[in-house]
Visitor: 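I'd like to ask you about the structure that follows.
Atoms within each ligand, like the ligands themselves, are counted from 1 in listed order.
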Amino acid sequence: MTPHDAFLDTLRAAVGASHVLTDPDLRVSYETDWTRRWRGEALAVVRPATTDEVTAVLLACAAAGAAVIPQGGNTGLVGGSVPRAVADGPQVVVSTLRLRDVEPVDALAGEAMVGAGVTLAALQAHLRPAGFTFGVDLGARDSATIGGMIATNAGGIHVLRHGPMRAQLLGLEAVLADGGVVRRLPGMVKDNTGYHLPSLLAGSEGTLAVITRAHLRVVPIRPRRAVALLALERVGDAVSLAGDLRRSLPELAAAELFFDDGMELVLHHAAVDRPFPNRHPAYLLLEADGDDDPTELLADAVANAIGVDDAVIASDEAGRARLWNLRERHTEAISAEGVAHKLDVTLPLARLAEFIGRVPVLVTATRPGSVTYQYGHVCDGNMHVGIIGPAPDDEAVDDAVLRLTIEMGGSVSAEHGIGAAKVAWLEADRGVADVSAMRAIKRALDPGWMLNPGVLLREAEA
Ligand code: FAD
Ligand code: 2HG
Ligand code: ZN
C-alpha cells in the first residue's frame with residue numbers, strides 16, 4: 001500500500017478503473033506539452049466522461065490535497081496543460097477528452113451546445129451540414145478542444161471578423177474547486193443577470209474551474225473563398241495594406257504575415273510547393289469569402305497596392321490549402337528545428353513593423369547564434385516569435401522580447417495565455433491593481449489553490 005492507494009481507489013470509483021492511468025507509458029503523452037519545453041509527473045491521468053464524474057474527481061483531489069491540471073487537447077503553447085516540474089504534492093491531470101457530447105445545431109438561433117472535450121474540427125464537422133461554421137479557427141483544429149480554447153480565450157485566424165473565443169460564448173457549465181457546478185445553459189445573447197461567468201472563465205487557463213460544456217454562437221458558412229499570397233519588399237507596406245483592406249474589403253476573413261526565413265523553413269520541412277520563383281522579404285496571405293465568388297474583389301483590392309512585388313491567387317480548394325500551408329506549417333517546421341522559445345505578443349498596429357525589425361537584432365544581441373522566426377495575425381497586431389538556439393531553461397531571450405513588448409505598449413500574451421511560461425510577466429503587463437483583483441477572485445473560487453497551481457498567478461503571492 002502506498003500513501004496514495006486510497007486516493008487512487010476513490011478516483012477509480014469515480015470514473016472507472018480503465019480511466020485512471022497510472023502506468024508511466026500511458027501517462028507520458030499527457031505529461032509533456034506540445035512544445036516539449038514543459039513537463040512534469042502526474043500521480044495519475046483521470047478521464048471523466050460526465051459533469052458528475054468531474055465533480056467527484058475534484059472532490060477526491062481536494063480531500064487528498066492533490067493539484068488538478070485540467071487538460072484538453074494538450075496543444076497549448078505556454079506550459080499550462082501539463083503537470084509542473086516541481087510540485088509540493090501529488091498532481092492529477094484531468095483530461096476532458098471524454099466530455100464530447102454534441103447536441104443538434106439550433107439553426108433558428110444560430111447556436112450549438114457541445115461538451116468541453118469536443119475538438120474544433122469535430123465541431124466544424126458537426127456544424128457544416130446545417131450550413132454553419134465556428135467563428136474561431138486555428139491550425140491545431142484537429143486536437144484543440146472547445147474547453148481548452150475557452151480556457152485560453154483562443155484567437156486564431158478569424159479574430160478580425162468574429163473576435164476571440166470569449167466573443168463566441170453564450171453560456172457554459174463548469175465545475176468549481178468545491179465541486180459546485182455553475183451552469184448557465186442554454187444562456188442567451190441578451191442576459192444581464194449579474195456577473196457573466198462565461199467571460200470570467202474565458203482565459204482563466206484552468207485556474208478557476210473545469211469547463212465541462214459550452215453554449216456557442218455559430219456563424220453561417222460563406223461558401224465561396226479566395227486566398228491571395230502577396231510578396232512584399234517592406235514589412236510596413238504589408239501592415240498598411242492589411243489595415244486598409246480591413247476597412248475597404250468587407251469580404252476579408254483573414255490576413256496573415258510571415259517572412260522569407262519562415263517560408264524557407266516550411267518549404268524545407270513540409271511537402272509544399274514554392275509559390276514564387278524568387279524569394280522576397282515579406283509575405284501577406286489574405287483570405288476573402290462570401291456567398292458569391294470573391295476572387296475578383298480580392299484581386300482588384302490588391303491590384304495597385306504599394307510595395308507588392310509578386311502575387312498568386314487561388315480559388316479552388318487545393319490551391320487555397322497550398323497557400324495556407326505555407327503559413328500554418330510554421331509552428332511544426334520550427335518545432336522540427338528544436339525546442340523553441342515562443343513568445344506570442346500584441347503590439348499597437350502602428351508600431352508592429354518597428355517591433356518586427358527590432359526583435360531579431362535584440363535576440364542576437366542577447367544570445368548570439370540564435371535564430372528568430374516571426375509570423376502572425378497582422379490585423380490583430382499579433383506576432384508569434386519563435387527562437388531556436390538557447391537552452392529550454394535559459395529565459396534570457398524570452399525576457400528581452402517581453403521587455404521590449406511592454407516598452408512598446410504591447411501585451412505579453414495575445415492569444416496563447418500566460419500559462420507557466422509567463423507568470424513572472426503578468427504584473428509588469430497588467431499592473432498591481434489588476435493582478436490583486438485576479439488573486440482575490442482566485443482566492444474566492446479556489447481557496448485551496450488546487451486548480452492549476454503555478455499557472456497564470458504565482459501561488460506564493462496569493
Ligand atoms: P490544452 O492545451 O489542453 O490546455 C490549455 C489550457 O487550458 C491549460 O491551462 C489547461 O489547464 C486549460 N484547459 C484545457 N481544457 C480545460 C477545461 N475543460 N476547463 C478548464 N481549463 C481547461 N492558439 C491560438 O489562440 N491561435 C492559434 O492560431 C493557434 N494555433 C496553433 C497552432 C498549432 C499548430 C498549435 C500546436 C497550437 C496553436 N494554438 C493556437 C495554441 C492552442 O491550440 C490553443 O491554446 C488551444 O486553445 C488549446 O486547446 P487545448 O484543448 O489543446 O488545451
Ligand atoms: C499560429 O498562429 C499559432 O500559428 C501558433 O498561434 C503560433 O507557433 C506559434 O507560436
Ligand atoms: Zn496564432
Visitor: Would you say Ala140 has any N or O atom under 3.5 Å from an N or O of ligand 1, going by distance alone?
Guide: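 N/O-N/O distance under 3.5 Å: no.
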
Visitor: N/O to N/O below 3.5 Å, does that happen between Thr145 and ligand 1?
Guide: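 Indeed, backbone or side chain, Thr145 has an N or O that close.
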
Visitor: Does ligand 2 have an atom that lies less than 4.0 angstrom from a heavy atom of Lys342?
Guide: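 Right, Lys342 reaches ligand 2.
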
Visitor: Is it the case that ligand 1 has an N or O less than 3.5 angstrom from some N or O of Gly80?
Guide: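 Such a contact does occur with ligand 1.
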
Visitor: What protein heavy atom sits nearest atom 10 (C) of ligand 1, and how far off is it?
Guide: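 Of every protein heavy atom, Pro70 O, 3.1 Å lies nearest to atom 10 (C) of ligand 1.
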
Visitor: State whether the shortest distance between N or O atoms of Ala116 and N or O atoms of ligand 1 falls below 3.5 angstrom.
Guide: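 The answer is no, given that Ala116 and ligand 1 share no N or O pair closer than 3.5 Å.
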
Visitor: Would Gly76 count as a polar contact of ligand 1, with the cut-off being nitrogen or oxygen pairs under 3.5 Å?
Guide: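 In this structure, Gly76 places an N or O atom under 3.5 Å from an N or O of ligand 1.
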
Visitor: Name the closest protein heavy atom to atom 29 (C) of ligand 1, giving the residue it belongs to and the distance to 0.1 Å.
Guide: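 Checked against all protein heavy atoms, atom 29 (C) of ligand 1 sits closest to Leu138 CB, 3.7 Å.
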
Visitor: In the protein, which heavy atom is nearest to atom 37 (C) of ligand 1, and how far is it?
Guide: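 Looking at atom 37 (C) of ligand 1, the protein heavy atom closest to it is Thr75 O, 3.4 Å.
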
Visitor: Which residue and non-hydrogen atom of the protein lie closest to atom 53 (O) of ligand 1, and at what distance in Å?
Guide: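 In this structure, atom 53 (O) of ligand 1 has Gly148 CA, 3.5 Å as its nearest protein heavy atom.
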
Visitor: Does any N or O atom in Ser143 lie less than 3.5 angstrom from one in ligand 1, N or O only?
Guide: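 No, no N or O pair falls under 3.5 Å.
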
Visitor: What protein heavy atom sits nearest atom 22 (C) of ligand 1, and how far away is it?
Guide: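 So the nearest neighbour among protein heavy atoms is Ala151 CB, 3.4 Å.
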
Visitor: Heavy atoms only, cut-off 4.0 Å: how does His416 contact ligand 1, side chain, backbone, both, or neither?
Guide: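 Side chain only.
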
Visitor: Does the N or O separation between Thr152 and ligand 1 drop below 3.5 Å for any pair?
Guide: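 Yes - when backbone and side-chain N and O of Thr152 are compared with those of ligand 1, one distance drops under 3.5 Å.
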
Visitor: So which bit of Thr96 gets within less than 4.0 Å of ligand 1, heavy atoms only: side chain, backbone, both or neither?
Guide: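 Only the side chain of Thr96 comes within reach of ligand 1.
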
Visitor: Report yes if Gly155 has an N/O atom closer than 3.5 Å to an N/O atom of ligand 1; otherwise report no.
Guide: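 It does: an N or O of Gly155 is found under 3.5 Å from an N or O of ligand 1.
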
Visitor: Specify which N/O/S atom of His377 comes nearest to the Zn ion (ligand 3), by atom name.
Guide: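 It is NE2 of His377.
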
Visitor: With nothing but distance in play, are any N or O atoms of Ile211 less than 3.5 Å from an N or O of ligand 1?
Guide: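 So ligand 1 has an N or O lying under 3.5 Å from an N or O of Ile211.
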
Visitor: For ligand 1, does Ala209 get within less than 4.0 Å through its side chain, its backbone, both, or neither, judged by non-hydrogen atoms?
Guide: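 Backbone only; the side chain of Ala209 stays clear of ligand 1.
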
Visitor: How far does CZ of Arg430 sit from CD1 of Ile418, to the nearest 0.5 angstrom?
Guide: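 Between Arg430 CZ and Ile418 CD1, I get 8.5 Å after rounding to 0.5 Å.
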
Visitor: Is Asn452 touching ligand 1 with its side chain, its backbone, both, or neither, if touching means heavy atoms under 4.0 Å apart?
Guide: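 Only the side chain of Asn452 comes within reach of ligand 1.
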
Visitor: Starting from atom 4 (O) of ligand 1, find the nearest protein heavy-atom neighbour and note its residue, name and distance.
Guide: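 I find the closest protein heavy atom is Ser81 CB, 3.5 Å.
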
Visitor: In terms of residue, atom name and distance, what is the protein heavy atom nearest to atom 50 (P) of ligand 1?
Guide: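 Looking only at protein heavy atoms, the one closest to atom 50 (P) of ligand 1 is Gly73 N, 3.4 Å.
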
Visitor: Is the shortest heavy-atom distance from the side chain of Arg47 to the side chain of Val15 under 4.5 Å?
Guide: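 No, side chains not in contact.
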
Visitor: If you measure from each non-hydrogen atom of Glu328 to ligand 2, which part falls under 4.0 Å: side chain, backbone, both or neither?
Guide: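 Answer for Glu328: neither.
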
Visitor: Less than 3.5 Å between some nitrogen or oxygen of Glu415 and one of ligand 1, yes or no?
Guide: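 Checking ligand 1 against Glu415, an N or O pair does fall under 3.5 Å apart.
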
Visitor: Could you check whether the rings of Phe258 and His330 sit parallel, tilted or perpendicular, using 30° and 60° as the cut-offs?
Guide: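 Perpendicular.
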
Visitor: Looking only at heavy atoms of Leu77, does any of them come nearer than 4.0 Å to an atom of ligand 1?
Guide: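 In this structure, Leu77 qualifies as a contact of ligand 1 - some heavy atom is under 4.0 Å.
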
